[in-house]
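Step one of this worksheet: look at the structure below.
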Amino acid sequence: MIPHLSIVVPYHNVESYLTECLKSLAVQTLEDFEVVMVDDGSSDGSRRIAEDFVAKDRRFVLIEQHNMGPGPARNAGIERATGAYLAFADADDVVPPHAYERLVAKLAETGSDLACGAVGRLVDGVLEESILHEKVFRRPQLCTHITDKPVLIRDRTIWNKVYRRDFWERAGLRFAAGIYEDVPVAMRAHVLATRVDMLGDVVYHWRRRESSITQCRNELPNLHERLAAIRSVRAFLDERAPELLDGFDALVLEKDILFLFQALEVSEEPEPLLELARSWVASLGQNALNTAPSLRRLELHLLGRGLVAELRKIREFRRAREDAARIVPRGWRNTGWYGDYPFFRNRRLKIPDAVFDARDELKLHARVESCEWTGTEYRVRGHVSIHRVDRRVGQIDLWLSDGRRKVPLEVRRAGRHGIVTTIDPERLAGGGPSWRLQARTETRGLVLKGWFRDVEAHASWRFTASGVPGWSRSGMDMPQ
C-alpha cells in the first residue's frame, strides 16, 4: 500500500544520535508512513543502526550513495519516496510523537500546500525555544501565505514542515549541494505555495551539537556558502516576491552576519573576511541597512572601514550589555537620542552621529500591576518607563478608550516609574463594555504613546466597567 507520509532522513557519521532520531519516528502517532533513510557515505556505525531498523520495522527503508552532502542525499530520498505527503528530518534531531499527525491532519482539513510548526532547541538534553524561529508561531493561522504573514520569512528550515508531494513536484523544488541547501528551498516553498498552515505546536526538536557542519559556521568556506545561499534567496525573492526583500535582508543583518563578526573577532588574518563581509553588505538592500538598530549600524560602519580592533571592542561591549545598551538624550534645543556606545563623537574616528541615532528604537513600557475596588472607585497602580532609557519619564497623560470615546484620567506619580490613577465607573456610563488604558508621555521633546499591558496575562489590559449600572461585577476581567 502507498504510505500516507514519506519522511526522508539523510545521515552521515551520526552514530551517537541516529538511534534516538529513528526511535522518535517509529513511535509517531501517525502510523501510515515510511522512513526513507539515505546513507550518505557513512564510515561509522550509522549504517548498522539503520539496517537494524529496516529489519525490525517494515516502514523503514534504506538506500545509499557516495558522500555528496545533505542536499543530494535528500534528493535521492525524495526519488525513492512514495507518500502523498513529504517530510524531512535530520539524523541528529528528534521529532515529537504527535508532530506528523497534527501537521498532516491540518493539510487534510485545509487543502493547503504545506504545514509548518514551532521548533524547540535541544541544548545538552534540555529543550529551549529556537532563537531562529522566535516570534514565528506565536499566532498560529491556517490557510495563510508568507506575503500575508511576513513573519514567515524567519521560517527558513525545511524539517519543521510537511509538504504535499504534488505541490513539491509542481513547484520544481530540489536541493542544491552545499551546507545551506535548505534555506533556498524553504523560502521557495513558502512563496510558491498557494496556502500555508501555521501550527503553534512544537513539531521538531533541533539539536545543537558543536561537531555538526553548521557549527563550523565561522570558517571562511562556510561563510562563502552562506553568502551564496543568501544571494540565491534574494534573487528568487526579487523575481517572485520583492515585497519580502526588506524583511529577508533585516533577518540576514540580525542573524547571519553574526558569524562574520565572530570570525573577525578571532581571525589573525582578517583581510579575506573583510572582503567577504563587504560583499555580504553590498548584496543587501539599502533600506534594511538604514533601518538596522543603531548598535548594528555601528558594527557595520566599522566593518565597512576595516576597523577590526574597534569592531572587536564593540562586540565586547554588546556582550557586556545583556540587558540592552542605554539610549541617552544629547542637546537641549534640538534633543537627539543616541545609543550610549563607545566612539560617539570620537575625534579620531569621526563616525557620523546618524550611525548612533536610536530614536526609532525607543518604546514606551506601560503595565498595570494592580486594580482594586475601594468602595467608590477603582484604584489602578502601574508602571510607565521608556525601554533602554535610564531616566524618569517626563509628562504623563492617561485616558480610557472604548474605541469611540476617550475618558481622561488624573495621574499621580509614585516613585521613579510608578503611577496611580482612579476610575469612577459612572464616568463610563453609556460606553462600551470594555475599555483600554493608554498613556502619552513627553520627555525632552520625545513624545511616545502606548497601551497598558496586563503584567500577568502578557496582553493588553482591559477594564470591564462592572460598576456602571446594569453591568454585573462578576464580569470583571482585570486583576483584583
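The residues of the chain are indexed from 1 along the displayed sequence.
At least one donor-acceptor pair under 3.5 Å links the side chain of Arg296 to the backbone N or O of Leu253. In terms of modelled atom types and a separation under 3.5 Å, the side chain of His301 and the main chain of Val355 share no donor-acceptor contact. Looking only at distances, a side-chain donor or acceptor of Glu225 sits under 3.5 Å from a matching main-chain atom of Ile179. Arg207 places no side-chain N or O within 3.5 Å of a backbone atom of Leu122 that could act as its donor or acceptor partner. The backbone N or O of Gly403 sits less than 3.5 Å from a side-chain atom of Ser401, completing a donor-acceptor pair. Side-chain N or O atoms of His98 include none that pairs as donor or acceptor with a backbone N or O of Asp201 at under 3.5 Å. Asp249 places a side-chain N or O within donor-acceptor distance of the main-chain N or O of Gly285, the cut-off being under 3.5 Å. Remark: the backbone N or O of Ile314 is not paired with any side-chain donor or acceptor of Glu299 at under 3.5 angstrom. In this structure, the side chain of Arg154 does not engage the main chain of Leu251 through any donor-acceptor pair within 3.5 Å. Although no hydrogens or angles enter the test, the distance criterion places a donor-acceptor pair under 3.5 Å between the side chain of Asn160 and the main chain of Gly117.
Taking the ring centre of Phe261 as origin, the terminal cationic atom of Arg315 falls outside the region bounded by 6.0 Å and 45° from the ring axis. For Arg453 and Trp461, the positive end is not near the middle of the six-membered ring at less than 6.0 Å and at most 45° from its axis. Cation-pi contact between Arg444 and Trp332: present, with separation from the ring centre below 6.0 Å and deviation from the ring axis of at most 45°.
No more than 12 heavy atoms of other residues, nucleotides or ligands sit less than 6.0 Å from atom CZ of Arg139. Around the NZ atom of Lys161, the shell of radius 6.0 Å holds more than 12 heavy atoms that belong to other residues, nucleotides or ligands. The neighbour count for Asn290 CG, taken as heavy atoms of other residues, nucleotides or ligands under 6.0 Å away, is above 12. Residue Glu410 places its CD atom among 12 or fewer non-hydrogen atoms of other residues, nucleotides or ligands, all under 6.0 Å distant. The neighbour count for Asp124 CG, taken as heavy atoms of other residues, nucleotides or ligands under 6.0 Å away, does not exceed 12. Annotation: Lys449, atom NZ; neighbour count of heavy atoms from other residues, nucleotides and ligands within 6.0 Å does not exceed 12.
Counting heavy atoms from C-beta outward, Asp155 and His190 have side chains that approach closer than 4.5 Å.
A salt bridge links Arg330 with Asp340: the distance from a Lys NZ or Arg NE/NH1/NH2 to an Asp or Glu carboxylate oxygen falls below 4.0 Å. A salt bridge links Arg165 with Glu169: the distance from a Lys NZ or Arg NE/NH1/NH2 to an Asp or Glu carboxylate oxygen falls below 4.0 Å. A salt bridge does not link Arg174 with Glu181: none of the charged nitrogens is closer than 4.0 Å to a carboxylate oxygen.
Evaluated for a side-chain contact (heavy atoms from CB on, under 4.5 Å) with Leu446, the options Thr441, Val389, Thr335, Ile386 yield exactly one hit, Ile386. Applying ring-ring contact (aromatic ring centres under 6.0 Å, His included) to Phe88 and the options Tyr204, Trp159, Trp168 leaves one that passes, Trp168.
For the pair Val393 and Ser385, the tightest heavy-atom approach, listed with the atom from each and the gap, is CG2-CA, 3.7 Å. Nearest heavy atoms, Val233 versus Pro184: CG2-CA, 3.7 Å.
Ring pair Tyr163/Tyr85: centre-to-centre distance not below 6.0 Å.
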